[in-house]
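Can you read through this structure? Questions will come right after.
Chain A is the first sequence line, chain B the second, and so forth, proteins listed ahead of strands; every chain is numbered from 1.
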Amino acid sequence: DVKVTQSSRYLVKRTGEKVFLECVQDMDHENMFWYRQDPGLGLRLIYFSYDVKMKEKGDIPEGYSVSREKKERFSLILESASTNQTSMYLCASSLEDTEAFFGQGTRLTVV
Amino acid sequence: AQTVTQSQPEMSVQEAETVTLSCTYDTSESDYYLFWYKQPPSRQMILVIRQEAYKQQNATENRFSVNFQKAAKSFSLKISDSQLGDAAMYFCAYRSSGTYKYIFGTGTRLKVLA
């Protein structure tokens, strides 16, 4: 089975902190994604990566950056966390022609 | 731009009954994929069913089936013999062939009543 693992299920950070959310997949998938999930808004794409060191902005990239130094790992970085970034963050991976496989999610609270 | 619309924020079904969740989408593409995902309270999103647009036959996975109407751009999910474990958020998703990006609807929360 494909396994996508996010490093934390719950995080509480202070405004202005630099925050790293880590995601690792074990199935050699080329594509990896970071989504943000908010009630009534569904899942919105922040960034995705289709290869090592390759990345593209999604629909809501402002305030976020990403890093993909190895194929199995995709990191989401909040350079200076703000309260409006309090949300559920979902990582996913896929091959070119398969469905996306998701991690368990990270609930981030910025205080 | 492609969009996915789920017009039912919440639905309820009696255990053992059948329920249908609605999804419509907008695209000018002819080749694409459609998905239904389930997100139980434990939060891990899992695939329920997928449909390739070029296939006329509706996909089926055990108690889950879809009604895919390509001309109407409609993709509904039918759950038969509903079980308590079916209670979850359900998301409809679209991906155009040859692209990486998945587009999700806003979700439908399904409650199953004992």
Side-chain angles (χ1 to χ4, degrees), chain A residues 1-6 8-11 21 23 25 27 29-51 54-61 66 68 74 87-108, chain B residues 1-10 21-26 29 31-55 59 61 64 66 75 77 88-109:
Chain A
D1 283 348
V2 175
K3 192 163 185 182
V4 180
T5 304
Q6 295 182 229
S8 304
R9 292 202 71 174
Y10 300 95
L11 275 179
L21 302 184
C23 176
Q25 50 96 1
M27 285 300 291
H29 284 175
E30 296 101 350
N31 306 321
M32 296 190 74
F33 310 83
W34 276 106
Y35 285 91
R36 173 174 171 161
Q37 182 181 2
D38 298 289
L41 298 178
L43 277 69
R44 294 179 291 166
L45 182 64
I46 305 171
Y47 269 97
F48 69 98
S49 169
Y50 51 91
D51 202 349
M54 306 303 290
K55 61 186 180 185
E56 285 197 24
K57 293 180 179 179
D59 300 315
I60 53 165
V66 291
R68 194 168 180 198
F74 191 37
S87 187
M88 172 71 74
Y89 291 88
L90 296 177
C91 175
S93 71
S94 76
L95 291 170
E96 185 174 341
D97 60 351
T98 67
E99 63 273 18
F101 295 85
F102 284 84
Q104 76 276 31
T106 297
R107 169 79 66 189
L108 174 66
Chain B
Q2 295 94 351
T3 59
V4 175
T5 301
Q6 294 180 249
S7 58
Q8 306 153 316
E10 191 170 293
L21 308 184
S22 300
C23 173
T24 58
Y25 58 95
D26 189 20
E29 304 288 333
D31 193 12
Y32 50 86
Y33 303 89
L34 295 164
F35 309 87
W36 277 100
Y37 280 90
K38 172 184 178 181
Q39 188 182 41
S42 65
R43 295 183 295 162
Q44 185 125 30
M45 192 95 75
I46 56 173
L47 179 73
V48 175
I49 200 164
R50 65 179 274 173
Q51 175 83 40
E52 290 84 355
Y54 65 86
K55 290 185 177 179
E61 287 288 340
F64 298 87
V66 298
F75 183 61
L77 174 70
M89 281 289 287
Y90 287 82
F91 291 95
C92 179
Y94 165 99
R95 180 170 71 83
S96 179
S97 179
T99 70
Y100 309 108
K101 187 176 174 180
Y102 296 79
I103 300 169
F104 286 83
T106 52
T108 297
R109 181 173 300 280

> Got A:Leu43 and B:Gln39 here, is their nearest side-chain heavy-atom distance under 4.5 Å?
Replying inline: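 A:Leu43 vs B:Gln39: side chains apart.
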>> Over 60° means perpendicular and under 30° means parallel, so tell me whether B:Phe104 and A:Tyr35 are parallel, tilted or perpendicular.
In response: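 Ring orientation, 0 to 90° scale: perpendicular.
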> In Å and rounded to the nearest 0.5 Å, what is the CZ to CG distance from A:Phe102 to B:Leu47?
Replying inline: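 Output value for this atom pair is 9.5 Å.
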> With a 4.5 angstrom heavy-atom cut-off, which part of B:Tyr100 approaches chain A: side chain, backbone, both or neither?
Replying inline: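 B:Tyr100 touches chain A through backbone and side-chain heavy atoms alike.
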> Is it the side chain or the backbone of B:Arg109 that comes within 4.5 Å of chain A heavy atoms, both, or neither?
Replying inline: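 No part of it gets close to chain A.
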>> Minimum heavy-atom separation for B:Gln44 and A:Val4, please, with both atom names.
In response: NE2-O, 4.2 Å
> Counting N and O atoms only, with roles assigned by atom type, does the side chain of B:Tyr37 sit under 3.5 Å from a partner on the main chain of A:Ala100, one being a donor and the other an acceptor?
Replying inline: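 Looks like yes, one N/O pair under 3.5 Å.
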>> Could you report the tightest heavy-atom contact between A:Leu41 and B:Thr106, atom names first, then the distance?
In response: C-CG2, 3.9 Å
> Measuring heavy-atom distances to chain B, does A:Arg9 have an atom under 4.5 Å in its side chain, in its backbone, in both, or in neither?
Replying inline: both
>> Please identify, among A:Gln104, A:Gln6, A:Gln37, A:Glu99, the residue contributing the most non-hydrogen atom pairs under 4.5 Å to chain B.
In response: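 Of A:Gln104, A:Gln6, A:Gln37, A:Glu99, A:Glu99 has the most heavy-atom pairs under 4.5 Å with chain B.
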> Side chain, backbone, both or neither: which part of B:Tyr102 has an atom under 4.5 Å from a heavy atom of chain A?
Replying inline: both
> At a heavy-atom separation under 4.5 Å, does B:Glu52 approach chain A through its side chain, its backbone, both, or neither?
Replying inline: neither
